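Atoms within each ligand, like the ligands themselves, are counted from 1 in listed order. FYI, the numbering just counts along the sequence from 1. On a predicted model such as this, the values are computed, not experimentally measured, just so you know.
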Amino acid sequence: MIVMQGKGVSKGVSNGKLYFYKRVDTTVTQQTVEDIEAEKARFAEAQEKAMAQLGVLADKAREEAGDSAALLFETHAMFVEDDDYVDSVMEIMEDAQCNAEFAVRQTGDQFAAMFKAMDDAYMQARSADILDVSQRLINNLMGVAEGGIDADEPVILAADDLAPSETIQLDKSKILAFATSGGSGNSHTAILARTMAIPAVCGLGEELKEEYEGRAAYIDGETGQVIIEPDELTEKALQTKYEKQQEMKALLQTMKGQEDVTLDGREMMVYCNIGSPEDVDAVLSNDGQGIGLFRSEFLYLASSDYPTEDEQFEAYKKVAAAMEGKRVVIRTLDIGADKQVDYFQMEKEENPAMGVRAIRICLNRPEVFRTQLRALYRASAYGKVAIMFPMITSVWEVKECKRACASVMSELEAEGIPFNKDTEIGIMIETPASVLIADALAKEVDFFSVGTNDLTQYTLACDRQANDLGKFFDAHHPAVLRALKIATDAAHANGIWIGICGELGADVTLLPTFLAIGIDELSVTPSSVLPLRAEIRKSIAKTCTLDLLEC
Ligand code: PEP
Ligand code: MG
């Protein structure tokens, strides 16, 4: 038996085989090969495999989202067989007597640079396609599985950490649990795990070794332990815990259909956070009363080019319609920092968490912003959509966002396209600046939603991705709780509602504090709705105190 200790970031017990995420080694090296003909044959095989993969992807995209979605993969297939591209790969292999991987990487980089230098924006964007196709060929040459999991049965997925663009591509039906050596409770792997209601442990450090691949293990998302081949006694204890957990789940089902009201009649709206339209099923099955945060960036992360207005409209409409008139807060694009999207071709930044991210990208790229706003307003005709802007620090940003909304509304009006002109507009409170000017911001919008993940990071100057900050990263810090109080007072003084959509919202130990502060809404992962409801229904709001705000 081997016991590894990390940090539990998504509760629950699960068991299965450990499987290490297969990541493409992008550092392709040049190697001299003697048999160039054999290398050419390897390349031809990789091409053939790529054509088959792209055929499957195009069919799947056509089935799920129509011909325009399939076009992307058909374009990629054209690149795979493009004469100039293939000639260049052959020439490099022959001239340098080198391996196919190196020739593909060189060709891909050269072609991508050539496209990027073109005047036409459409052609410039093709540079990302070339890089994508080249990566696919390299994956095939190296025998690396696409999407990271090449197992026949569901597994405990082990990794150092996973980037958001990697998690988005995972085949979720194959994941029993996550075990990572890096990461933190606020990392996107942890958020994804909680949304999927599967156990996760992060921060295992060097204890998590690749040599454990394929070994049977238990993971306990509460204690933060990963146990390989437990002895009989330990296995029995874990099994009992698993069964209790299932019983608890059954008990919580009785909370469905009940109101989110305290014993003394104070209402707390309990909404859900989602990352893609597929998550709506979990919202409905857990009886979420609305969606308080739809992270729209999934559309951008899952795609290899800018998602079109129609693609976005379909996704937003699907969620709005499925929620049948319940509020759906859709956050505009929040990329940058740890969420990198290649085709945005962002400059590399020394300190990306404080760089050009989220609303800053949208305000710098009005066309990208306009496309998303058009899709959002069009979707507003199909449900109760609200639009929310992330990473706000200044009043002028909000005014500019509102101007962009007004301009999109007049366009749609002129085109005779239906939309809801009373669509609520809100902002995320996730920077100390927004807290300090919350009184002025509240005059501009219909609601606030506090992003405690970023607010904690920026208030305490603690990187949310880092796992070694220990006691310095304290989400219960009075500074964070006081920030909540300042924003809440400003919201209420101006007649608007305020919620929390960061991970802290699901922390039931803070529920009395949230009630005392006056928070109106908590938006949590769907699996946290019923436990939170059970807690709200046991609480007495008027006895709650602000004690935790004291230092
Ligand atoms: C937050 O910062 O709390 C938040 C909800 O946004 P994200 O986690 O997507 O940055
Ligand atoms: Mg945030």
Looking only at N/O atoms, are E297 and ligand 1 under 3.5 Å apart anywhere? no
Just wondering, is there an N, O or S atom on D334 that's nearer than 2.8 Å to the Mg ion (ligand 2)? no
May I ask you to check whether N273 and T525 show a side-chain donor-acceptor distance below 3.5 Å? no
With no hydrogens and no angle check, do the side chains of Q372 and Y377 hold a donor and an acceptor under 3.5 Å apart? no
Do you see a donor-acceptor pair shorter than 3.5 Å between the side chains of E367 and Y306? no
Kindly report the OE1-the Mg ion (ligand 2)-OD2 angle for E430 and D454 respectively, rounded to 10°. 100°
Does the side chain of Q457 pick up a donor-acceptor pair with the side chain of N453 at under 3.5 Å? no
Answer yes or no for E503: is there a heavy-atom contact with ligand 1 below 4.0 Å? no
Closer than 4.0 angstrom: is that true for some heavy atom of M391 and an atom of ligand 1? no
Would you please determine whether M428 falls within less than 4.0 Å of ligand 1 on a heavy-atom basis? yes
Using the salt bridge (charged side-chain N to carboxylate O under 4.0 Å, His left out) rule, take R378 and E309 through it: C-alpha gap first, then chi angles, then the decisive distance, then the call. CA-CA 10 Å; R378 282 173 59 191; E309 179 184 318; 2.7 Å; yes
Any N or O of T452 that comes nearer than 3.5 Å to an N or O of ligand 1? yes
